[in-house]
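Below is one structure, written out as structure tokens, with a few remarks after it.
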Amino acid sequence: MAKAVAIVSAICFLALASFATAQLGPVFNVEGEVYCDPCRVEFQTSLSKGLEGAAVRLECRERDTGVVTIQSETVTGKDGKYNLKTGGDHEEEICEVVALKSPSEKCNVSFERADSKARVLLTQNNGVQGTDRYANALGFKTAQADEECKAVLEELGIVPEDI
Ligand SMILES: *[C@@H]1O[C@H](CO)[C@@H](O)[C@H](O)[C@H]1NC(C)=O
């Protein structure tokens with residue numbers, strides 16, 4: 001009798017476990033960082049610094065309808081890095097991380113073009129293995145470019161326009 005109960009509960013357990021796995025799918029760990037761009041070029045330079053306490057949001061939307069399927073927010077740590085965990089396969093969705101808000105009064109202007117959103121592939125069906133996903137760095141810029149930027153940008157072969 002005890003044996004029968006044990007077998008039945010083992011079967012129930014396995015059924016539940018596989019149900020849970022089917023429901024949740026893989027758990028992805030999305031990592032990235034938010035930086036301050038003091039040169040207003042909207043990419044990382046040697047003068048960029050990680051922004052601690054910046055709010056980021058991961059959002060997936062259905063490709064066809066635009067309906068939001070998941071949303072998850074966090075804030076960056078000391079070095080400007082963040083970590084977001086989310087479950088499920090999102091192959092048919094567009095998933096992006098956006099930088100919502102900067103804690104810095106000096107460096108709180110949203111980017112207009114590149115780096116204002118970072119696309120992540122939250123599926124294992126496209127040949128991307130594992131569950132770690134690295135999002136492109138996101139940033140905020142200052143209202144005015146820093147004096148030091150002139151030399152840095154010249155070194156990169158960029159002629160600064162508004163310094
Ligand atoms: C940035 O910070 C300044 C100073 O606190 C504030 O006046 C401005 O509204 C902020 N800008 C944004 C986009 O949050």
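Excluded from the calculations below are hydrogen atoms, water molecules and symmetry mates; all remaining heavy atoms, backbone and side chain alike, are included. Atoms within a ligand are numbered from 1 in the order they appear, just like the ligands themselves.
Smallest separation of non-hydrogen atoms from Lys141 and Glu112: NZ-OE2, 3.4 Å.
The closest donor-acceptor contact from the side chain of Glu42 to the backbone of Arg113 lies under 3.5 Å.
Between the side chains of Thr123 and Asp89, at least one donor-acceptor pair of N or O atoms lies under 3.5 Å.
Protein neighbours of ligand 1 below 4.0 Å, counting non-hydrogen atoms: Glu105, Asn108.
Through direct or relayed side-chain contacts under 4.5 Å between Ile, Leu, Val, Met, Phe, Trp and Tyr, Val67 connects to no other residue.
With a 4.5 Å cut-off on side-chain heavy atoms, Val152 and Asp146 do not count as touching.
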>> Run Thr76 and Glu33 through side-chain contact (heavy atoms from CB on, under 4.5 Å) and show every step you take.
In response: CA-CA 7 Å; Thr76 54; Glu33 69 171 297; over 6 Å; no
